[in-house]
There are 2 protein chains.
Amino acid sequence: MPHLVEPNIPHRAMLTPPKDSHPEKGIVTQLRAYLAQSDLPEDGRLPPERELSSALGVSRTELRKALDVLEEEGQLWRHVGKGTFLGSRPLDTFADISALARRSNPAEVMRARLVMEPEIARAAAFSATPAAIAEMRLCLARSRQAETWRHYEGWDTRLHRTIAEATQNSLLLGLFDTLNAVRRAVTWGRLRTAPVRPAPTHHSFAEHDAIVEAIELRDMAGAAAAMRTHLKSVERKLLEQQDSRPEDR
Amino acid sequence: MPHLVEPNIPHRAMLTPPKDSHPEKGIVTQLRAYLAQSDLPEDGRLPPERELSSALGVSRTELRKALDVLEEEGQLWRHVGKGTFLGSRPLDTFADISALARRSNPAEVMRARLVMEPEIARAAAFSATPAAIAEMRLCLARSRQAETWRHYEGWDTRLHRTIAEATQNSLLLGLFDTLNAVRRAVTWGRLRTAPVRPAPTHHSFAEHDAIVEAIELRDMAGAAAAMRTHLKSVERKLLEQQDSRPEDR
DNA sequence: ATATAAACCAAATCATAATTGGTCGCTCAC
DNA sequence: GTGAGCGACCAATTATGATTTGGTTTATAT
């Protein structure tokens with residue numbers, strides 16, 4: 001148990017400056033002075049609030065008010081568990097797949113797919129080449145022939161990626177790949193690994209057909225709608241599975 | 001201290017199958033059979049070598065030889081500390097911002113934004129908290145007060161990111177951040193640092209207002225449409241600039 | 001009413017232990 | 001001798017638990 005009882009330090013109330021008409025402003029300036037003279041570590045991190053408040057002889061509440069002001073001014077940024085730092089918040093833009101996967105979950109992945117993939121399909125309907133469409137048809141055929149769920153999923157993944165490629169937008173493709181990597185990395189309760197093959201009536205077959213058909217017809221709205229319908233089906237299936245099998249972890 | 005001394009387990013040398021003319025080949029087929037019948041977890045990870053060897057009744061050395069064969073065939077991949085997995089090694093899908101930016105260009109970035117951000121705004125209209133909306137309004141006000149283009153862009157960026165945060169979907173937020181990082185990397189050369197402030201009639205002001213207003217009204221379609229309108233304006237402005245100033249990169 | 005102190009919370013970090021594929025050295029059987 | 005089995009060790013990775021830290025709430029006092 002840390003920090004049991006504060007040893008009896010004589011209060012320094014008398015050392016506090018005389019009452020100010022705007023006391024919080026005074027603390028702000030006091031804090032500014034401290035930040036100016038104190039040499040902070042390389043990363044601009046300043047001591048935790050609990051230390052700083054006692055060092056400045058103010059309550060943590062008041063210190064936090066002052067910090068709020070400086071943060072509002074953009075002079076520093078704070079984050080729970082990390083600390084308080086001078087300067088502007090570093091855009092945490094390293095798209096670390098594993099980090100994303102750790103913070104995410106299957107429901108989020110499905111919602112992200114529902115945001116991205118219909119629009120990707122729309123773009124693909126606009127710019128897909130005949131070769132890309134041929135590859136989509138190949139994926140459709142192979143996924144129907146798949147003898148195991150593992151094989152089926154392989155062709156399913158390839159179909160969706162082919163659609164993303166068909167946008168001819170390398171950035172969109174990169175974002176799609178990132179999303180896909182997170183999807184695979186997210187540890188959802190081990191799904192179907194059954195060695196049985198998907199039933200010929202599996203809902204995805206017809207839905208995939210509809211997507212590719214719309215793309216081939218250059219029907220942008222139709223492609224987006226078909227993709228949305230498909231992902232909604234997948235989502236429903238996912239939720240059913242999750243409900244019927246409440247095992248967690 | 002773990003695993004002090006292995007308890008004295010009687011050797012099972014006599015239980016080993018009779019000598020095979022090509023022992024290692026036999027183990028490979030045995031391993032193949034095991035992989036075919038055993039249902040592996042979603043990620044394709046198979047049991048650690050120490051378990052698998054005893055489960056198959058072969059020595060770890062022999063098992064590793066068999067695994068070497070399968071790895072050479074590309075049927076599985078291994079990594080120290082992680083384990084052994086079926087399928088092909090996941091291409092290092094770390095979303096390398098600089099690599100993406102190198103392959104991309106401003107036009108692609110704009111199209112990617114037009115794909116993602118309207119749908120993000122739609123989702124935000126559904127799930128934004130009052131606090132998030134308050135922050136959006138703050139960004140609106142501050143961007144109007146901005147005294148330089150740099151400040152304006154700061155608040156503009158923060159507004160768009162706040163909208164992405166309001167989806168309450170960390171994965172979408174991560175994808176948005178990736179897109180944003182690429183955007184900044186791509187437009188790195190040509191950031192206008194003009195000290196003049198944006199005109200009060202700047203098109204983005206009213207467009208931003210419309211987006212936030214739709215989000216506040218929970219008007220999902222309206223938010224998506226407003227965001228699309230805004231990005232179309234930005235795209236038009238971008239193309240004008242690019243035309244009038246044909247400098248590339 | 002306001003401020004303070006204390007307690008609690010969740011996110012992040014740190015420290016430590018346990019796994020896991022890769023490698024080396026020894027022993028034994030043939 | 002040659003090769004296989006066995007055990008130990010290594011480094012990379014993961015898992016786990018305690019600690020730190022900003023954010024929030026509550027009770028108390030002035």
Side-chain angles (χ1 to χ4, degrees), chain A residues 1-9 11-13 16 19-20 22-24 26-27 43 45-54 56-68 70-71 76-86 89-90 92 96-99 101-104 185 187 249, chain B residues 1-20 22-24 26-27 41 43 45-68 70-71 76-86 89-90 131 165 170:
Chain A
M1 192 72 65
H3 186 273
L4 279 172
V5 170
E6 188 82 357
N8 225 347
I9 296 178
H11 277 64
R12 51 168 61 205
T16 56
K19 296 286 165 55
D20 195 322
H22 299 291
E24 66 279 5
I27 294 178
D43 54 358
R45 175 178 189 171
L46 49 96
E49 293 178 353
R50 290 161 177 84
E51 288 181 21
L52 196 50
S53 63
S54 74
L56 296 181
V58 303
S59 76
R60 195 179 156 214
T61 312
E62 292 302 307
L63 171 65
R64 282 181 57 75
K65 285 186 193 169
L67 288 172
D68 286 343
L70 293 191
E71 184 183 26
L76 52 83
W77 61 278
R78 302 183 272 184
H79 194 18
V80 268
K82 276 181 161 164
T84 306
F85 301 82
L86 285 186
R89 165 177 274 105
D92 60 301
D96 183 355
I97 305 298
S98 59
R102 213 175 309 125
R103 282 195 259 290
S104 196
T187 157
R249 294 190 51 82
Chain B
M1 192 72 64
H3 188 273
L4 279 173
V5 169
E6 187 82 358
N8 227 349
I9 295 177
H11 278 63
R12 54 168 57 205
M14 299 173 189
L15 295 183
T16 55
K19 296 288 165 52
D20 193 322
H22 298 290
E24 67 279 4
I27 295 177
D43 54 358
R45 176 178 190 170
L46 48 97
E49 295 179 353
R50 291 165 178 80
E51 286 181 24
L52 197 49
S53 62
S54 74
L56 295 181
V58 302
S59 74
R60 199 180 154 211
T61 312
E62 291 303 307
L63 171 65
R64 283 182 57 74
K65 284 186 193 170
L67 287 173
D68 286 343
L70 292 191
E71 185 180 26
L76 52 83
W77 59 278
R78 302 184 273 185
H79 194 352
V80 211
K82 278 182 164 163
T84 306
F85 302 82
L86 282 188
R89 165 176 274 106
E165 286 176 10
S170 61

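Residue numbering restarts at 1 for every chain, and letters A, B, ... go by the order of the sequence lines.
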> To the nearest Å, how far apart are B/Trp77 CH2 and D/dA12 P?
Replying inline: 17 Å
Between the protein and nucleotides 10-14 of chain C, which nitrogen or oxygen pairs are less than 3.5 angstrom apart?
residue, atom, partner, partner atom, Å
C/dA12, OP1, A/His79, NE2, 3.1

> Roughly how many Å is it from CG in A/Leu52 to C1' in D/dG23, rounded to a whole number?
Replying inline: 16 Å
> Just how far, in rounded Å, is P of C/dT20 from CZ of B/Phe85?
Replying inline: 10 Å
>> Both A/Glu51 and A/Thr61 contact DNA chain D. Taking the nearest nucleotide for each, which residue is further toward the 5' end?
In response: A/Glu51
> Within the modelled atom types, does a donor on one side and an acceptor on the other bring the side chain of B/Arg50 and the base of D/dG7 under 3.5 Å apart?
Replying inline: no
>> If I take atom CG in residue B/Leu67 and atom C1' in nucleotide C/dT20, what distance separates them, rounded to the nearest angstrom?
In response: 13 Å
> What's the CD-C1' distance between B/Glu49 and D/dC6, to the nearest Å?
Replying inline: 15 Å
> So how far is it from A/Leu63 CG to A/Leu52 CG, rounded to the nearest 0.5 Å?
Replying inline: 5.0 Å
>> Testing the basics here: between A/Phe85 and A/Asp43, what is the closest heavy-atom pair and its distance to 0.1 Å?
In response: CD2-O, 3.6 Å
> Picking from C/dT4, D/dA4, C/dG21, which would you name as closest to the side chain of B/Arg60?
Replying inline: C/dG21
>> Under the rule for side chain to side chain donor-acceptor pair (under 3.5 Å), what residues qualify as partners of B/Thr84, not counting sequence neighbours?
In response: none
>> With a 4.0 Å cutoff (strictly under), does any side-chain N or O of A/Arg64 reach OP1 or OP2 of D/dG23?
In response: yes
> Phosphate oxygens OP1/OP2 of C/dG21: is one of them under 4.0 Å from a side-chain N or O of B/Thr84?
Replying inline: yes
>> Tell me every residue that passes side chain to side chain donor-acceptor pair (under 3.5 Å) with B/Asp68, counting only those two or more places apart in sequence or in another chain.
In response: B/Arg78
>> Looking at every non-hydrogen atom in both residues, tell me the closest pair between B/Ser170 and A/Ser104 and how far apart they are.
In response: OG-CA, 3.9 Å
>> Between C1' on C/dG21 and CZ on B/Arg78, what's the gap in Å once rounded to a whole number?
In response: 7 Å
> Taking only residues two or more places apart in sequence or in another chain, which ones pass side-chain contact (heavy atoms from CB on, under 4.5 Å) with A/Pro48?
Replying inline: A/Glu51
> What's the CG-C1' distance between A/Asp68 and D/dT24, to the nearest Å?
Replying inline: 12 Å
> For B/Leu63 and D/dG7, what is the distance between atoms CG and P respectively, to the nearest whole Å?
Replying inline: 16 Å
> What residues, two or more places apart in sequence or in another chain, satisfy side-chain contact (heavy atoms from CB on, under 4.5 Å) together with A/Arg60?
Replying inline: A/Glu49, A/Arg50, A/Ser53, A/Arg64
